[in-house]
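Just the heavy atoms: all of them, side chains too, but no hydrogens, waters or symmetry mates, feed the values below.
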Amino acid sequence: MTTPASNENQCSPRSVVSDVVAIVPAAGVGKRMGAAYPKQYLTIGNKTLLEHTVHYLLDHPKVSKVVIAIGAEDEYFHSTSLADDDRVVVIIGGAERADSVLAGLNATHAEWVMVHDAARPCVRHEDIDALIEAATSHADGALLASPVRDTMKRANTEGCVDHTVCREQLWHALTPQMFRRDLLLTALQRALEQSLAVTDEASAIEFAGGTPKLVVGHADNIKVTQPEDLALAAFFLTQRS
C-alpha cells in the first residue's frame, strides 16, 4: 500500500476524473427498521430506496457505473428497475459492510471509487461535486461529513451520563466517501486481516495511517435507519424534486 502522505505533504496533484465507479453495499437486512424485508427495498413513491439512491448517483455526469453488493439470498433486487440497467453491476456481498465493499472493489478496475450507503437517497449532486474535488486533491481521499451541532454525552455502563464530550472538531461521517481504488482495496484487506472494526471506508484508511479530507455535506443527507426516517427522507426528496 502506498504510504500515506506526511502532514507536510497532504495534497496530491489533482487528477482529471472522467469517470467514477460508485459502490453501494446493499446486503444488509436493516433490523432496526422492523420491516418485513430489507430497508433498501422500502418504497418512497413508486421507487425503492435503493432505486432512488442508485438512479441519483447515475444521474451525476461523472458516475459511469454503480456496483451493487446484494445478499446471497436477496429475493427483491431482480424485481427492481436496476436489474435491467446496463450501467449497474450486481454482485454478492458479504456478512459485514466491509466484506461487501471489498467485493465491490474486486469487481472493478476503475482508478477512482466512491462508496455510498444504499439507504441515503437524499445526497445532493453539489455535495458529490465537492467530494470529487477534494478527493482528487488529497492523497488519502475524502468523505462527506457534517459537524456535530449538539452537546455530546458519554454514558456509563448504567446508561447514565459519565461526562460531556467537547463537540469541537467532532463530525458525523456521511457518504459518499471517495478514494483511489487501489488505496482503499489494500487498506480494507489489511484491516480485515487484523480483525479491525471497519465501520466506514475512511476508518480503513485511518488504520493504515491516512488522514482523509472532511468535506462539509448537507445535513439532509440522512441514512434511513429508524421507521421515522422514511417519512423524513420522502420530505427531502420532494423538496429536491
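Looking at heavy atoms from C-beta onward, Pro25 lies in side-chain contact with Val115 at the 4.5 angstrom threshold. Looking at heavy atoms from C-beta onward, Leu196 lies out of side-chain contact with Leu192 at the 4.5 angstrom threshold. At a threshold of 4.5 Å between non-hydrogen side-chain atoms, the residues Glu133 and Asp129 do not count as touching. Residues Gln189 and Leu185 have side chains in contact (heavy-atom distance under 4.5 Å, counting atoms from C-beta outward). Two residues are said to be in side-chain contact when any heavy atoms from C-beta on lie closer than 4.5 Å; Leu230 and Ile44 meet this criterion. A heavy-atom distance below 4.5 Å is not found between the side chains of Val66 and Val89. Looking at Thr48 and Leu82, their side chains never come closer than 4.5 Å, going by heavy atoms from C-beta outward.
There is no side-chain donor-acceptor pair under 3.5 Å between Thr80 and Glu51. Looking at Thr175 and His116, their side chains do bring a donor and an acceptor atom within 3.5 Å of each other.
Atom CG in Leu42 sits 6.0 Å away from atom CG in Leu49 (nearest 0.5 Å). Distance check, rounded to the nearest 0.5 Å: CG of Asn221 to OG of Ser146 gives 9.0 Å. The distance from the CH2 atom of Trp112 to the CG atom of Leu183 is 8.5 Å, given to the nearest 0.5 Å. Of the inter-residue distances, the one linking Ile205 atom CD1 with Gln177 atom CD reads 9.5 Å to the nearest 0.5 angstrom.
Residue pairs satisfying the salt bridge (charged side-chain N to carboxylate O under 4.0 Å, His left out) criterion with at least one member in residues 77-87, sequence neighbours excluded, are listed as follows: Asp85-Arg87. Within the structure, the ring-ring contact (aromatic ring centres under 6.0 Å, His included) test picks out the following pairs touching residues 60-105 (sequence neighbours left out): Tyr37-Tyr76, Tyr41-Tyr76, His60-His125.
Residues meeting the side-chain hydrogen bond (donor to acceptor under 3.5 Å, both in side chains) test with Glu206, sequence neighbours left out: none. Not counting sequence neighbours, the partners of Lys47 by the side-chain hydrogen bond (donor to acceptor under 3.5 Å, both in side chains) test are His55.
Side-chain atoms of His172 do not come within 3.5 Å of backbone N or O of Ala219 as any donor-acceptor pair. Side chain of His218 to backbone of Val123: no donor-acceptor contact under 3.5 angstrom is found. With hydrogens and angles disregarded, no donor-acceptor distance shorter than 3.5 Å links the side chain of Lys213 to the backbone of Ala135. In this structure, the side chain of Gln40 engages the main chain of Ala26 through a donor-acceptor pair within 3.5 Å. Side chain of Arg120 to backbone of Thr53: no donor-acceptor contact under 3.5 angstrom is found. Remark: the backbone N or O of Ala204 is not paired with any side-chain donor or acceptor of Arg190 at under 3.5 angstrom. Checked by atom type and distance alone, the side chain of Arg181 never pairs as donor or acceptor with a backbone atom of His109 at under 3.5 Å. Asp229 contributes a side-chain N or O that, together with a main-chain N or O of Thr225, makes up a donor-acceptor pair within less than 3.5 Å.
Other residues, nucleotides and ligands contribute more than 12 heavy atoms inside 6.0 Å of the CD atom of Glu126. Around atom CD of Gln239, more than 12 heavy atoms belonging to other residues, nucleotides or ligands sit under 6.0 Å away.
A salt bridge does not link Asp19 with Lys65: none of the charged nitrogens is closer than 4.0 Å to a carboxylate oxygen. Remark: Arg180 engages Glu111 in a salt bridge, criterion side-chain N to carboxylate O under 4.0 Å.
When every heavy atom of Phe179 is checked against every heavy atom of Gly141, the shortest pair comes out as CD2-CA, 3.6 Å. The two residues Leu214 and Ala145 have their closest heavy-atom pair at CD2-CB, 3.6 Å. Nearest heavy atom pair, residue Val215 against residue Ala142, reads CG2-CB, 4.0 Å. When every heavy atom of Thr151 is checked against every heavy atom of Arg167, the shortest pair comes out as N-NH1, 3.6 Å. Here the shortest heavy-atom pairing between Leu143 and Ala202 reads CD2-CB, 4.1 Å. Of all non-hydrogen atoms in Ala233 and Val224, the two that sit nearest each other are CB-CG2, 3.9 Å.
Seen from the ring of Tyr56, Arg124 does not count as a face-on cation partner, given the 6.0 Å and 45° thresholds.
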Identify every side-chain donor-acceptor pair in residues 93-108 under 3.5 Å, counting partners at least two apart or on other chains, and give the distances.
residue	atom	partner	partner atom	Å
Arg97	NE	Glu201	OE2	2.9
Arg97	NH1	Asp117	OD1	2.5
Arg97	NH2	Asp117	OD1	3.2
Arg97	NH2	Glu201	OE1	3.0
Arg97	NH2	Glu201	OE2	3.4
Asp99	OD2	Glu96	N	3.1
Ser100	OG	Gly94	N	3.0
Asn106	ND2	Leu102	O	3.3
Thr108	OG1	Ala110	N	3.1

All N/O donor-acceptor pairs, side-chain side in residues 154-162, below 3.5 Å, sequence neighbours left out:
residue	atom	partner	partner atom	Å
Asn156	OD1	Glu158	N	2.9
Asn156	OD1	Gly159	N	3.1
Asn156	OD1	Cys160	N	2.9

